[in-house]
A.B. asks: 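Pasting in a structure now, in structure tokens, and then I'll have a few things to ask.
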Amino acid sequence: MSVKSLLENAVRRAMDSAGIPADCSPAVTRSNRPEFGDFQANGAMAAAKQLKTNPRALAGAIVEQLQQQLQGQVDKLELAGPGFINITLSAAFIGDQLAAKPTPDSRPAETVVVDYSAPNLAKQMHVGHLRSTIIGDAIARVLTHLGDTVIRQNHVGDWGTQFGMLIAELEEQLSSGEQAELALADLEQFYQAAKLHFDADPAFADKARAYVVKLQSGDSHCRALWQQFIAISIAHNVSLYRQLGVLLTEHDTMAESAYNDQLADVVATLMKSGIAVEDDGAKVVFIDELADKNGNPSPMIIEKRGGGYLYATTDLAAARYRAQVLRADRALYFIDARQSLHMKQVFATARRAEFVPATMQLQHLAFGTMMGADGKPFKTRSGGTVKLADLLNEAIERATVLVAEKNRDSDISADELAEIARKVGIGAVKYADLSKTRTNDYIFDWDSMLSFEGNTAPYLQYAYTRIVSIFRRADIELNSFAAAIAVELPQERALALHLLGFEDLLAQVAKECYPHLLCNYLYELASLFMSFYEAAPMLKEGVAPAVKASRLALAKRSADTLALGLELLGIETMQRM
RNA sequence: GCGCCCGUAGCUCAGUUGGAUAGAGCAACGGCCUUCUAAGCCGUGGGUCAGGGGUUCGAAUCCUCUCGGGCGUGCCA
């Protein structure tokens, strides 16, 4: 159990003894100033308000109980201000807690569907897909680490009207002797070519329209062309996922088209139960929960006038599949914030139709848009969308220059430098995204993410290599090292207490799906380690053996936490840089 | 019109179910390398938390209004 949970339990028991109702939180947090101890419990004040009694007296009663409960674990319990309880732990207790293996608080394992990335297969992946892909992957990793059964679902777009045009184009290029892989080597170019063709040649445009219909009615020729197109497009994406260090594979693909044969049933079910009604020729669900202030319910069309389904229909089928076939306890949707209304509509309808049980959680984890330095959506100089592949290549190129500069006099081989640059470049791009609050727009800026200073991936990677370097120099095996920890210096204490909060932090990330919390934690950890490193020599002359061992143990614990934290973010570490 | 989100230092961003004197980084300025990687550390300056009103022991945080910005809003996804 974490130190914080332990304190929360103790304070809660003390609150029981003081006659405080069970719904009052102990409100234990880390103290924000050293003079207020290590932790503070602020729950007495809120409880006093509810009970209409004197907060300081109530806090005093809690402190009295706590004195007995925390015997030996704390050095000092202080009553301050209107009813703050300041807790200073004993150094021995901190050392013992650090020596104990970090065990997560018991948390019931769940089956969690994580829906992320979801590019449209008609085109090459671009920066617009980056946030969903990176953030979703990080959360999937965290949940897996905490013991959940994670089912990744890459809900790729493979069924729009544009596919008629694309397969008609593909057919034509194949008939002129082109190989499919070559024709589709650059999807963006292929799309442009098809579009030009479509606009310039009426006969081709007619064929394209006809092919949409044929494809959707199961024509085998069109279907074969389409499958060829889809397979190559997915292969492109998977290779990008590899380069990005994202765990998605082709097996996680669950395309829109996979639900085609269920759409009629979704609509029929909703019509039959009266949840959907015919309106102006279309089949529509009117959602009262989302009504505006004038009482107009929010409409969601699930079948167009004259037939044809929409993405709402597909999303309803997917929600049902995730509940009834995948048996998920929780489904997470990492989708752009602009689709908030749509997600609310789908969730409300899926629940009302009992496609998903009331016990299953549906969460839309929205994120903002990636902006350029000018505060407008991130584009190339000529105003086009930035391809993901180009972005990653540029990141590595930029990192290569920087890494080479820093290692002008080092004996690291060219191959290893290239590997370092790759990890630094990719890590920088991912971290820049992960470290901003998910729900806000964020500004993409090469210089700040690769500046190697401040809250960046390179800083964290550097902190890690610095620790590895200590052990290498001392010729001690990092992985197997163990020693008792005795915290003495303030820098040791601060680092130790921060390390003890890791499990709590992960639990919070799993619950709220905010990777930036983990980033902030790791950045603070690295900063605290750097300060500790300056203040607490390990290998230098005159350091007593027990002190040296203790500090090395703290360093090891820091390295392990950094490495694990970065891994959960999907960011690679290295032995030196 | 209606709905959702946002507004914190010059810039980029944190800020926990309301907690004590609102924090980092960059940029600026000043220190620290014959001693574990200076991609670092220590320090200084910098704030009408968009604005008004309210709730209370206490508000960046909750309520309300105003201003400013973004996005969405019946047959694309």
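Computed from heavy atoms alone, side chains included, the values below leave out hydrogens, waters and symmetry copies. Quick note on labels: first sequence line is chain A, next is B, and so on, each numbered from 1. Just so you know, these numbers come straight off a predicted model, no measurement behind them.
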A.B. asks: When we call it a touch if two heavy atoms are under 4.0 Å apart, what does A:T29 touch: a base, just sugar-phosphate, or nothing?
C.D. replies: nothing
A.B. asks: Nearest whole Å is fine: how far is B:rG69 C1' from A:D441 CG?
C.D. replies: 10 Å
A.B. asks: Strictly under 6.0 Å, is that where the ring centroids of A:F84 and A:F36 end up?
C.D. replies: no
A.B. asks: Expressed as a whole number of Å, how far does the P atom of B:rC62 sit from that of B:rC4?
C.D. replies: 15 Å
A.B. asks: Within the pair A:S469 and B:rU37, is there a side-chain N or O less than 4.0 Å away from OP1 or OP2?
C.D. replies: yes
A.B. asks: In whole angstrom, what separates A:R408's CZ from B:rA39's C1'?
C.D. replies: 14 Å
A.B. asks: Can you tell me the pairing partner of B:rC75 across any strand shown, Watson-Crick or G-U wobble, with both distances under 3.5 angstrom?
C.D. replies: none
A.B. asks: Can you measure A:I287 atom CD1 to B:rG3 atom P for me and round it to whole angstrom units?
C.D. replies: 16 Å
A.B. asks: Under 4.0 Å, counting only non-hydrogen atoms across every strand here, what does A:A474 touch: a base, just sugar-phosphate, or nothing?
C.D. replies: nothing
A.B. asks: Return no unless some side-chain N or O of A:N32 is found under 4.0 Å from OP1 or OP2 of B:rA20.
C.D. replies: yes
A.B. asks: Does A:N86 get its side chain close enough to the base of B:rA20, under 3.5 Å, for a donor-acceptor pair?
C.D. replies: yes
A.B. asks: Counting Watson-Crick and G-U wobble pairs only, both distances under 3.5 Å, name the nucleotide matched with B:rC57, or none.
C.D. replies: B:rG19
A.B. asks: What's the CZ-P distance between A:F286 and B:rC2, to the nearest Å?
C.D. replies: 20 Å
A.B. asks: Check whether any side-chain N or O of A:Y459 sits under 4.0 Å from OP1 or OP2 of B:rC41, and answer yes or no.
C.D. replies: yes
A.B. asks: Using a cut-off of 4.0 Å on non-hydrogen atoms, how would the nucleic acid contact of A:K293 be classed: base, sugar-phosphate, or nothing?
C.D. replies: sugar-phosphate
A.B. asks: So, are A:R422 and A:E572 salt-bridged, with charged N and O less than 4.0 Å apart?
C.D. replies: yes
A.B. asks: Once you apply a heavy-atom cut-off of 4.0 Å, does A:F529 come out as touching a base, just sugar-phosphate, or nothing?
C.D. replies: nothing
A.B. asks: Kindly indicate whether the side chain of A:D279 and the base of B:rG74 share any N or O donor-acceptor pair separated by less than 3.5 Å?
C.D. replies: yes
A.B. asks: Measure CZ/A:R338 against C1'/B:rG72 and give the value in whole Å, please.
C.D. replies: 10 Å
A.B. asks: CG of A:L121 versus P of B:rC76: gap in Å, rounded?
C.D. replies: 20 Å
A.B. asks: Under the side chain to side chain donor-acceptor pair (under 3.5 Å) criterion, do A:Y431 and A:N455 qualify, and how do the steps go?
C.D. replies: CA-CA 9 Å; A:Y431 191 85; A:N455 189 6; 2.5 Å; yes
A.B. asks: Determine if A:F84 stacks with B:rG19; use a centre-to-centre distance below 5.5 Å and an interplanar angle below 30° as the criteria.
C.D. replies: no
A.B. asks: Do A:Y311 and B:rA77 share a donor-acceptor pair, side chain to base, under 3.5 Å?
C.D. replies: yes
A.B. asks: May I ask you to verify if any side-chain N or O of A:K304 is less than 4.0 angstrom from the OP1 or OP2 atom of B:rC76?
C.D. replies: yes
A.B. asks: Taking the nucleotide of RNA chain B with the closest heavy atom to each, which residue, A:R438 or A:G81, is nearer the 5' end?
C.D. replies: A:R438
A.B. asks: Indicate, yes or no, whether a donor-acceptor pair under 3.5 Å links the base of B:rC5 to the side chain of A:N440.
C.D. replies: no
A.B. asks: With heavy atoms under 4.0 Å as the rule, sort A:N296 into base, sugar-phosphate or nothing.
C.D. replies: nothing
A.B. asks: Take atom C1' in B:rG15 and the same atom in B:rA77, then report the distance between them in whole Å.
C.D. replies: 36 Å
A.B. asks: Which label fits A:Y521 and A:H498: parallel for a plane angle under 30°, tilted from 30 to 60°, or perpendicular past 60°?
C.D. replies: parallel
A.B. asks: Hey, do the aromatic rings of A:F452 and A:Y462 have their centres closer than 6.0 Å?
C.D. replies: no
A.B. asks: With a 4.0 Å cut-off on heavy atoms, is A:M530 in touch with a base, just the backbone sugar-phosphate, or nothing at all?
C.D. replies: sugar-phosphate
A.B. asks: Would you say B:rU37 has OP1 or OP2 under 4.0 Å from some side-chain N or O of A:R473?
C.D. replies: yes
A.B. asks: Taking the C1' atom of each, how far is B:rC36 from B:rA28, in whole Å?
C.D. replies: 32 Å
A.B. asks: Looking only at atom types and distance, does a side-chain atom of A:E416 sit under 3.5 Å from a main-chain N or O of A:S413, one as donor and one as acceptor?
C.D. replies: no
A.B. asks: Quick check against the 3.5 Å criterion: does A:S550 have a side-chain atom that pairs as donor or acceptor with the backbone of A:I485?
C.D. replies: no
A.B. asks: Give none if B:rC67 has no partner; otherwise give the nucleotide forming a Watson-Crick or G-U wobble pair with it, both distances under 3.5 Å.
C.D. replies: B:rG7
A.B. asks: Has the side chain of A:K344 got a donor or acceptor that lies under 3.5 Å from a partner of the other kind on the base of B:rG3?
C.D. replies: no
A.B. asks: Please measure how far the P atom in B:rA50 lies from the corresponding atom in B:rA22, and state the result in whole Å.
C.D. replies: 15 Å
A.B. asks: In whole angstrom, give me the gap between the C1' atoms of B:rC49 and B:rG30.
C.D. replies: 29 Å
A.B. asks: Can you identify which nucleotide, out of B:rA14, B:rA39, B:rC36, has its nearest atom closest to the A:N520 side chain?
C.D. replies: B:rA14
A.B. asks: Parallel, tilted or perpendicular: which describes the rings of A:F378 and A:F444, with under 30° parallel and over 60° perpendicular?
C.D. replies: tilted
A.B. asks: Would you please test A:H129 and A:N237 for side chain to side chain donor-acceptor pair (under 3.5 Å) and show each step?
C.D. replies: CA-CA 11 Å; A:H129 302 112; A:N237 291 348; over 6 Å; no
A.B. asks: Quick check on the 6.0 Å ring-centre criterion: do A:F529 and A:F532 meet it?
C.D. replies: yes
A.B. asks: Under 4.0 Å, counting only non-hydrogen atoms across every strand here, what does A:N54 touch: a base, just sugar-phosphate, or nothing?
C.D. replies: nothing
A.B. asks: By nearest heavy atom, map A:D292 and A:A44 onto RNA chain B; which one lands nearer the 5' end?
C.D. replies: A:D292
A.B. asks: Under 5.5 Å centre to centre and under 30° between planes: does that hold for A:Y533 and the six-membered base ring of B:rC36?
C.D. replies: yes
A.B. asks: Please report the distance, rounded to the nearest Å, between CG in A:N455 and P in B:rA39.
C.D. replies: 19 Å
A.B. asks: Applying a 4.0 Å non-hydrogen cut-off, can you work out what A:M45 is touching in the nucleic acid: base, sugar-phosphate, or nothing?
C.D. replies: base
A.B. asks: Determine which nucleotide pairs with B:rA28, using a 3.5 Å limit on both distances of a Watson-Crick or G-U wobble pair.
C.D. replies: B:rU44
A.B. asks: Have a look at A:R33 and say if it touches a base, only the backbone sugar-phosphate, or nothing, with a 4.0 Å heavy-atom cut-off.
C.D. replies: base
A.B. asks: Glycosidic conformation of B:rC33, syn or anti, with 90° from 0 as the boundary?
C.D. replies: syn
A.B. asks: For the C1' atoms, the ones on B:rC6 and on B:rC42, what distance do you get once it is rounded to whole angstrom?
C.D. replies: 37 Å
A.B. asks: Once you apply a heavy-atom cut-off of 4.0 Å, does A:L310 come out as touching a base, just sugar-phosphate, or nothing?
C.D. replies: sugar-phosphate
A.B. asks: Rounding to the closest angstrom, what is the interatomic distance between B:rG25 and B:rG45 at atom P?
C.D. replies: 14 Å
A.B. asks: Check every strand shown and say whether A:E35 touches a base, only sugar-phosphate, or nothing at a heavy-atom separation below 4.0 Å.
C.D. replies: base
A.B. asks: To the nearest Å, give me how far apart CE (A:M300) and C1' (B:rC75) are.
C.D. replies: 13 Å
A.B. asks: Need one value for A:P458: base, sugar-phosphate or nothing, where a base atom within 4.0 Å counts as base even if backbone is also close, heavy atoms only.
C.D. replies: nothing
A.B. asks: Remember a base hit wins even if backbone is also touched, and classify A:A535 as base, sugar-phosphate or nothing at under 4.0 Å, heavy atoms.
C.D. replies: nothing
A.B. asks: Could you tell me which nucleotide pairs with B:rU34 by Watson-Crick or G-U wobble geometry, both distances under 3.5 Å, or answer none if nothing does?
C.D. replies: none
A.B. asks: With rounding to whole Å, what would you report as the distance between B:rC57 and B:rU44 at their P atoms?
C.D. replies: 36 Å
A.B. asks: Just to confirm, is there a sub-4.0 Å distance from OP1 or OP2 of B:rU37 to any side-chain nitrogen or oxygen of A:T465?
C.D. replies: no
A.B. asks: Mind checking if A:K406 touches a base, just sugar-phosphate, or nothing, with heavy atoms under 4.0 Å?
C.D. replies: base
A.B. asks: Strictly below 4.0 Å: does A:H342 bring a side-chain N or O up to OP1 or OP2 of B:rU73?
C.D. replies: no
